[in-house]
Amino acid sequence: MFGYILKRLLATIPVLLIVAVFVFLLLRLTPGDPAAILAGDAATPAQLERIRDRLGLNDPLLVQFVTWFGQMLKGDLGTSLISNTDVVDMVSDRLGPTINIALMTIVISVLLAVPMGVIAAWRHRTWIDFAVMSFSVLGFSVPVFVIGYILIQIFAIELRWVPVQGYASPSDGIGAFFSRAILPSLTLATIYVALIARMTRASMLEVLGEDYIRTARAKGVRENVVLFRHALRNAAVPILTIIGTGFALLISGVVVTESVFNIPGIGRLTVDAILARDYPVIQAMILLTAGIYVLVNLIVDVSYSFFDPRIRY
Amino acid sequence: MKFKTRDLSTAQRVLKIRKLKVGLTGRPDAQPVLNEIDLDIRAGETHCLVGESGSGKSVTSLATMGLLPKDALEVQGGLIDLEGFEITNATAAQMRDLRAQRVAMIFQEPMTALNPVLRVGEQIEEVLNMHTDLSKSEAKARTIDIMEQVHLPDVQRVYSAFPHQLSGGQRQRIMIAMALVLDPDLLIADEPTTALDVTTQLQILKLIEEMQERHGTAVLFITHDMGVVAEIADTVSVMQKGEIVESAPIRELLTNPQKDYTRKLLKAVPNLAPRPARAVSEKDAVLNVDRLEMTYGGGGWFRKSEGVRAARDVTFDIAPGRTLGIVGESGSGKSTVARCIMRLIDPTGGEVTVAATEISRLSRRNLQSHRKHLQIVFQDPYRSLNPRWTVARSLCEGPINFGTPKSEAMERAAELMELVDLPKDALDRYPHQFSGGQRQRIAIARAVAMKPDLLVADEAVSALDVSVQAQVLDLLDDVQDRFGIAMLFITHDLRVAAQICDDVLVMQKGQVVEQGPAAAVLANPRHDYTRSLIEAAPGRHWDFANFRALERAPAVEGPIA
Amino acid sequence: QEDETTITAVMHSGLRVLDPVITTAHITRNHGYMVYDVLTAVNEDFEPQPQMADWEVSDDGLTYTFTLRDGLMFHDGAPVTAADAVASLNRWGNRDSGGQLIFDVTESLEAQDEKTLVWTLTEPFPPLMDVISKQSAVPPFIMPARVAETSPDETITEYVGSGPFIFNEEEYEPGVSVTYEKFDDYVPREEDPSWMAGGKVVNVDRVVWTTMPDNLTAMNALAAGEIDYLEQVQIDLMPILENAPGVTVEMRDPLGYVTIGRPNFLHPPFDNKQIRQAALAALGQEQMLATMQGDPEYYNVCGAIFGCATPLGDESGSEIVTGGPDPERSKELLEEAGYDGTPVVLMAPTDVVSLVNQPVVAAQALREGGFEVEMQSMDWQSVVQRRAQQAPIGEGGWNMFFTNWMVPEISDPLINVMVNGRGDDAWFGWPDDPEIEEMRAAFVAAESAEAQKEVAVEIQEHVMDNVNYIMMGEYLIPQARRDAIQNMIQSPVPVFWNMTKDAE
Amino acid sequence: MTEMPSSRRSAFQVLTGVFSLPAGARLGAGPTIAALVLALIVLASICAPLYVPYDPLAMDAMSRLRPPSDEFLLGTDPYGRDIFSRVMTGGRVSLLIGIGAAIVSVAVGLVIGLLAGFFRAADGIIMRIMDSLMAIPAILLAIALVALNGPSLSSVIIAITIPEVPRVVRLVRSVVLSAREEPYVEAAIALGSSMPKILIQHLMPNTLAPLIVQGTYICASAILIEAILSFLGAGVSTEIPTWGNIMAEGRSYFQIKPGLIFWPGLLLSLCILCINLLGDTARDLLDPRMKKREG
Ligand SMILES: Nc1ncnc2c1ncn2[C@@H]1O[C@H](COP(=O)(O)OP(=O)(O)OP(=O)(O)O)[C@@H](O)[C@H]1O
Ligand SMILES: Nc1ncnc2c1ncn2[C@@H]1O[C@H](COP(=O)(O)OP(=O)(O)OP(=O)(O)O)[C@@H](O)[C@H]1O
Ligand SMILES: [Mg+2]
Ligand SMILES: [Mg+2]
Ligand code: NI
């Protein structure tokens, strides 16, 4: 197990390395000039040139890469070209909201989606099944921002149950946190719920056809025990997998949701950084999200063995 | 051969099935799956249900358990009376109460019938939790007790093991423990030993018998192995196409079957007396295997693993027109040898010479032209044909690879269809439109289309039921006669080996323990392992095809180990 | 703590750069006015007024003497000295285009004592006070000397000013939110506030600026009372606020903004004056402004390149664009010029809300006027980079882009970068226009307001004829606030002094 | 992440079933209706220029944000353009993006996946690269790529395609890895079929059914990603109406003019629903084993 985790962690190194090189090159090939953003509309070309020099943007690409990479190995991700703040500080400030919302989303999604999928599979080919799956398709076919607006309209504007926007960290009070995090989480959850519910259903359908389910029934086990104790645990691996890979989807959704609900998270940070060509921030962000993605999937893989004792690493 | 001859007519009747009709859900007009069957089982009785595949044996058992798949099958008439309780119109809750307490079931596949993610102890205990008020510790004690009763070793450890950590036989013991923990009146066993090798099968059969005696349980035992039937049954019902065609005490049925179908079924059972060997060929051997070695795995990233030595020092040869059988229990390395010879895997040592060419070390490309000399037929008829290809395309693939023009290949394919006794129009159909036996014929035709010198048949008939098995064996025999092909026949069924092989090679744990003419090996096994294999074969003293005991019983007489 | 008043304001953009000298970004300038103070500032009549300092000009117009008023103090408690002001002006002069002109004629700039600062010129520079009092582009904010010594090409890293608010570095999140606290030791002037001049009396304890990337969310947040103030209201969305109780929508800034199109003088087709004139004819202000703003109350058809309500504003020669669009005239002009169908590459930013509409409308209007148009969408950063490319079209060049200015930023020929005609040294588009350079020189030399105005009208006519840029009209952006917020000052720069907040 | 544990592999196979509708919905008229609706939308989009009353780009500052009327069937947008004309025309590009992205990613992923699945030597490197691509969040990659190439149709398609490719590769590879253990593949080896032949004739068809499902999913998500890209200002040029950028442009008008989001959204949802439904049906038709089950 430990060896496996070690091996997997080692395997992330080339992955992140490729990501790093890829992102670095991609960014430098992208048109845009952080110096111009910094200086504003009325700067003259000579002024821009001087600023670029100061920022080290005129160095040869290889030099820039080596410098950045060397610093990164020392844990220094540089400073933002635009706001001149330390990237590590900047990112760590913004990580909290995103992670909290993402976690809440995952919890909500799993709590909603898994029972939905289980019931749909259990009532296979009935209207319940049809309703659950139609909802899933709908969850897939409405853009995130539309869902966000609709939720705001209903729960924040009409019913006034929760604030329209903003973020409060759990340390500001659980109530404040929940009232602000619930709508963004629900928004994000729609796609995720759709994804997980469908996967749960598919996986459960397969498992419910297995012999051991018949065995359980032959033992006179109650139906809910059959579903949740016997079937669900066996269906867990594909569900976990989709939770892991779906995480990428979540990251896309986060970018939009953070805009709609005005949450100071890393999604907006990244988009802002890309639009401003704030290279150190973009590089840090993409490495971070890639790292998180890899880590989440590692956790998912390791958790397989918790659900399925046959899987041993 | 000793049959059970107990008189059970005074015992209490546990199960009474009358005019039971089961059909496809919502389609009462369609051909019923079970057509008005009657069945009686009394306490302490072992009733065997035999019949070809698809005849409705499992459906009968599921109907009795109230476990018919609702969206596919439904009871359309008749009654199932379990000690006075009418099952066909019981509610779900009533049915749940009944199960495990009054009627329990063991399934065929011990691999899949246990939940892989729960500890086996828990799975047994669950039954107690569901149906009794025992406290946690009482339940555990009871579980340990029943596990000991089924002779599981090291019960404390096994209690908290997961199914995959147990052997097939151990798993089946767990299943039996689970079924019997509440002392049900009726135990249904649906082919509980089919997936096990002979030695384990014997142990399980004895265990069921022991438990039955201890608890006075009635047993409905489903199987298609007449040997098993002969060994354990008090009474037998023969099923065909959803009907019970004949029902009789065991001796009566085996010595004096009344119905044609029963006779046909019995005639198809090969017996353990070896066939007369074919004339020894004068020609040079087609296949020479010399000190073949195969070790799986080994290596690894962080620590070197030992690897599985699946074949060690295997040496034999086969002459044209002769059949060599490899027998041995599961995991003994039979398939490994076959796959090495076919170069589907690369042997780690030794030599394989086919048609005078040493192929064990040829590169894949150089190997290509030698492929036509050797062909293989696999066990699983459902997976050995590409489901997306028409039969014609599958049959032509090989010849076209070796330059035969398409039209010629098609003609040849048509001839082959005749050879394997399938209609010509079958060429345009897809595999799923055929039964297992038919598919196996197609697979044989495909191999024969290459005009190979050597045909490897890896458990080619193991998945088929007796009557179909007999037909396919006949076909192989026929093909071999006609083309003079050498055959390597792998099986774990000694009856089959006896029927088709000239020579037999017995493998155990990757090693050849005994090797020689079939008559010699099967009649006079010298190695203990061979002997135990033969002795474990159920019903080995009975000559089913001739409705009498074997005149010359194979192997030494003596108590069954 | 209970009684602390906090104002939560949603600004037009996130604050990312904290150095108001290195950048011309409006949000950073606004930040500058919170944290820093200026020596002098214009009032609503564009007249320079004393702020930190009084000044005297020698009769020959060559020596300016500034005297700092009493009680000025930096947030770290140190007094503001003339040396600080000198260092700050030097750094500013390096960055600001107007400042550069002054430094071109500066003999010396020295601190005579703690409070007195003397600026000596080599030749008279009549608009000097206008330039250092200007409220936009880069105003000369006064920082401690140690901060002002930072290279003008590098951003400062210490944010100590002497303005009415203290910047709270702890709570600053670049691009998201910034918090200011009342500077208790700030001594406001006695006069009433007027634009950036007069007494800056702070009546609240904290001001928090945030950004909301989504307009609709900001509107809803204001309507729900979650924020106090919204700097810019999207006109089309005003109905949402109109129905909301407790919200007032009003004009903050009577001058507003202009939107302009800039042709590239280096490459066909706009290297041809007649074709530029054709473009002028093809475009119509009314159409453009109506699309951008919707409600005529919030835009002004205005042909004055220095803005209609400014002292130098004049609309001579602008009928062609204020009246348009006139596709027929455009086609005629194209015909005369022998336009060969060279497509106009129009850069269209997709991510800056206030600049999205213009290229779309312009593309359609130019097409109707007989042009071939190739509209290329890109993010604003790509526009920013590409507009600096002098290369031909095929190699990454361009023909036209649009941008917006605040009216004070274009209100005279020294500030307005688009009337610079120095070829490669000019602003993007690079017109080589010696005539306009002469006029600008004449403007600097003009001694009286009348003389200046005369030159300005000349420039106006020249620009309309030569089409240095295309004035597309003025527009206004309303602000919205909770009714609890009162006594806000009318100003092009949103300021947070003087305002009060009632309990709601 | 080198070797998928076998149960992980099966997860991928189950994945292919994820996007299936309940079998009940598959039966009967479902697919026919779906096909009809989709055909109608596609046809209406392709033929849009023939029947829409206005040029979708023609703007009129004087008739902005009009409510639906006889003159403007669904009203006008903030530029005074006819929403009906724009929505109908917008379908062309949206569908093109969806179908384009699906075809390109499936084609590229198929080739790479087959190679990775069959040539163990290349597998490690290929999968490492794929892992990397998968680890970069799709939407960020898309924004960067669009910024790089400008928001043209092709760059949007490429941007959407790149992150999808690794998913397709994984899917194909897992199918190939399990299919190559099938006895019929071994039989083909025994029959002397060459590797490329086995790859293309035996293994590739196995990937078809899951790929169709995956393809329809990509198609749907591409249309949505385009909408999100437009929302972030990195979508297709504003001059080319698509459902995505119509919705994105209309997003702040959500409370004032819901039609700007509702109509394109409705067509989009309908399309995605139909595409999913048809994908499932196609898969069932393609898989002879399914026929067996249904008798
Ligand atoms: N779920 C089902 N749906 C439809 N038909 C079924 C179903 N299960 C079984 N049948 C049909 O019922 C008949 C009897 O099947 P059953 O499984 O009882 O055969 P069996 O005698 O147990 O065969 P085997 O020896 O292969 O296990 C077969 O023709 C089969 O096609
Ligand atoms: N690919 C493989 N990798 C590692 N070990 C293997 C592999 N295939 C088989 N083995 C091991 O090699 C041994 C021999 O297996 P083989 O399949 O040859 O047995 P067999 O005699 O054919 O058994 P069966 O009767 O069950 O088919 C077993 O212990 C098995 O676990
Ligand atoms: Mg059966
Ligand atoms: Mg085998
Ligand atoms: Ni991997």
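Since the structure is predicted, the reported quantities are computational estimates derived from the model, not experimental observations. In what follows, chains are A, B, ... by sequence order, proteins preceding strands, each numbered from 1.
Side-chain atoms of D:K197 and B:N401 form a donor-acceptor pair, as typed in the model, at a separation below 3.5 Å. No side-chain donor-acceptor contact under 3.5 Å links B:R393 and B:N386. Checking B:D458 against B:S335 by side-chain atom types alone, a donor-acceptor pair falls below 3.5 Å.
The candidate from B:R343, B:R383, B:Q433 with the greatest count of non-hydrogen atom pairs under 4.5 Å with chain D is B:R383. Put simply, of B:M342, B:R371, B:Q368, the one with the most heavy-atom pairs under 4.5 Å next to chain D is B:R371. Among B:M450, B:Q375, B:R364, B:K372, the residue with the largest count of heavy-atom pairs under 4.5 Å with chain D is B:Q375. Note on B:P399, B:G398, B:A447, B:A449: by heavy-atom pairs under 4.5 Å with chain D, the leading option is B:G398.
For D:A188, the parts lying near chain B are the backbone and the side chain together; criterion is any non-hydrogen pair under 4.5 Å. At a 4.5 Å heavy-atom cutoff, the contact between B:E397 and chain D is made by backbone and side-chain atoms alike. Interface residue B:L374: only backbone heavy atoms are found under 4.5 Å from chain D. Heavy-atom distances place the side chain of B:L344, and not its backbone, under 4.5 Å from chain D.
Using bins of under 30°, 30° to 60° and over 60° for the plane-to-plane angle, the ring pair B:H373/B:H370 lands in the tilted bin.
Under the 4.0 Å criterion applied to side-chain N and carboxylate O atoms, D:R128 and D:D123 are not assigned as salt-bridge partners. Remark: D:E186 engages B:R339 in a salt bridge, criterion side-chain N to carboxylate O under 4.0 Å.
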